[in-house]
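Encoded as C-alpha cells, here's the structure I'll be asking about.
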Protein chains: 2
Amino acid sequence: MKQKTFSKYSDCPNKRSKSIIGSRWKPIIIYALRKRKIRFGQLHAIVGDISAKVFAKCLKELEADEIIVRETFTDTPGRVEYSLTPKGVALVPIIVSLLQWEWKHYEMNQPS
Amino acid sequence: MKQKTFSKYSDCPNKRSKSIIGSRWKPIIIYALRKRKIRFGQLHAIVGDISAKVFAKCLKELEADEIIVRETFTDTPGRVEYSLTPKGVALVPIIVSLLQWEWKHYEMNQPS
DNA sequence: ATTTGTACTTACCTTATGGTTACTGGTATT
DNA sequence: AATACCAGTAACCATAAGGTAAGTACAAAT
C-alpha cells in the first residue's frame with residue numbers, strides 16, 4: 001500500500017477540468033461558442049468531423065456541467081441554440097492559453 | 001462524407017496540450033516540479049497512488065516532449081533528477097488557472 | 001401519404017489510458 | 001554470497017472515450 005502522505009492531489013483535483021479540457025471535442029465546442037449562441041446543426045458544422053453521437057453527448061455533458069445552456073425555440077422546423085454560461089466563459093482564456101502554448105512551442109498554422 | 005469547410009480545428013490543434021493536460025497524472029507531475037528538481041522516488045511519493053509503470057511512462061513521454069529534463073548522477077545508490085524545461089514552466093500557470101477554475105466553480109479544499 | 005429538415009438516440013466496435021503484479025540491473029552494505 | 005536500495009521494464013487486463021451505421025421524433029411542405 002502506497003502512502004499518500006505527500007500527495008495533496010490523490011483525489012484528483014483536476015478531474016473536472018480534465019474531463020472538459022482533456023476531451024477531444026469539448027474545448028473546440030467551447031471555443032466556437034465564445035462569441036455567440038449557435039444552433040445545433042451550425043455548431044456541428046463548425047466543430048467538424050465529430051460523429052453525431054459524440055457531438056450530442058458532449059453537448060449534454062457540457063449542459064449538465066453548466067458550461068453551456070440549451071435554449072429551445074418553437075420555430076418550425078424547431079431549433080435549439082447553445083451558448084456559454086459564465087462558468088463556460090471562464091474556460092475560454094484557458095483554452096486560448098493552451099492554444100498559444102502550442103503555437104509557440106510547435107510550429108503550427110494559427111487560425112485566421 | 002462530412003465537410004470540413006467551416007472547421008479550422010479538424011486537425012485537432014489542441015492535441016499536444018491535451019495529451020498533457022488531459023492526462024491523469026502529467027499535470028500533477030508538472031505542478032510538483034514547478035519550484036525545484038525532484039528525484040524519481042521522491043517525485044513518485046509526491047504524486048501519490050500512481051502505478052510504477054504509468055509513472056515511468058509519463059516521465060518518458062514528458063521528457064520526449066521536452067516538458068521535463070532528466071539528469072542522472074553517478075552517486076551511489078544512483079539517482080536521477082527531473083526538472084521542468086522552459087516549455088514545461090510555461091504550462092504551470094495554465095495548470096494553476098485550471099485548478100483555480102475548479103476551486104471557484106466546485107467547492108473543494110484548496111491545497112495549503 | 002410521402003418527403004424534407006432539425007435534433008437527436010441506439011447498438012456495436014476499436015483504441016487509448018491507466019492499473020496490477022512481477023521482474024530486471026547496477027551498486028553498495030552485511 | 002545474500003540482501004537492500006534505486007530506477008526502472010514486461011506481460012497482461014479493465015475501463016472509458018470516441019467512431020460507424022442506422023434509426024427515432026416532430027412539424028411543414030408537397
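First the proteins, then the strands, lettered A, B, ... as listed; each starts at 1. The shown structure was predicted, so the numbers you read here are calculated from the model rather than taken from an experiment.
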Inset, instruction - For the pair B/F55 and B/H44, name the ring-plane relationship: parallel under 30°, tilted 30 to 60°, perpendicular over 60°. - result: parallel
Inset, instruction - Using only side-chain N and O atoms of B/R39, determine if any of them is under 4.0 Å from OP1 or OP2 of D/dA7. - result: yes
Legend entry - Nearest-neighbour nucleotide for the A/K60 side chain, C/dT6, D/dG8, C/dT9 considered: C/dT9
Inset, instruction - Nearest whole angstrom, please: distance from the P of D/dA7 to the NZ of B/K37. - result: 14 Å
Inset, instruction - Kindly say whether the aromatic ring centers of B/W25 and B/Y31 come within a distance under 6.0 Å. - result: no
Inset, instruction - Please answer: with hydrophobic residues joined when any side-chain heavy atoms are less than 4.5 Å apart, are B/I20 and B/V54 in the same cluster? - result: yes
Inset, instruction - Could you tell me the separation between the CD1 atom of A/I38 and the C1' atom of C/dA7, rounded to a whole number of Å? - result: 16 Å
Inset, instruction - Assign a letter to each nucleotide of nucleotides 15-25 of chain D from its 5' end: B, base within under 4.0 Å of a protein heavy atom; S, sugar-phosphate only; -, no contact. - result: ---BBB-----
Legend entry - Short N-O contact, A/E102 and B/K15, less than 4.0 angstrom: no
Legend entry - Salt bridge flag under 4.0 Å for residues B/E81 and B/R70: no
Legend entry - Flag for B/K87-A/Y106: side-chain donor and acceptor within less than 3.5 Å: yes
Report, one line per pair, each donor and acceptor closer than 3.5 Å where one atom sits in a side chain of residues 88-99 of chain B; sequence neighbours left out.
from	atom 1	to	atom 2	distance (Å)
B/S97	OG	B/P93	O	2.8

Legend entry - Protein-nucleotide distance (B/I68, atom CD1; D/dA7, atom P), rounded to Å: 13 Å
Inset, instruction - In whole angstrom, give the distance that lies between atom CD of B/Q42 and atom P of D/dA7. - result: 10 Å
Inset, instruction - Write down the distance between CZ (A/F73) and P (C/dC8), rounded to a whole number of angstrom. - result: 13 Å
Legend entry - D/dA27 OP1/OP2 closer than 4.0 Å to side-chain N/O of A/R79: no
Inset, instruction - Rounded off to whole Å, could you give me the CZ-to-C1' distance for the B/F55 and C/dT17 pair? - result: 17 Å
Legend entry - Whole-Å gap separating C1' (D/dC6) and CD (B/E81): 13 Å
Inset, instruction - Using atom CD of B/E71 as one end and atom P of D/dG8 as the other, report the distance to the nearest whole Å. - result: 13 Å
Legend entry - Short side-chain N/O contact from A/Y82 to OP1 or OP2 of C/dA7, under 4.0 Å: no
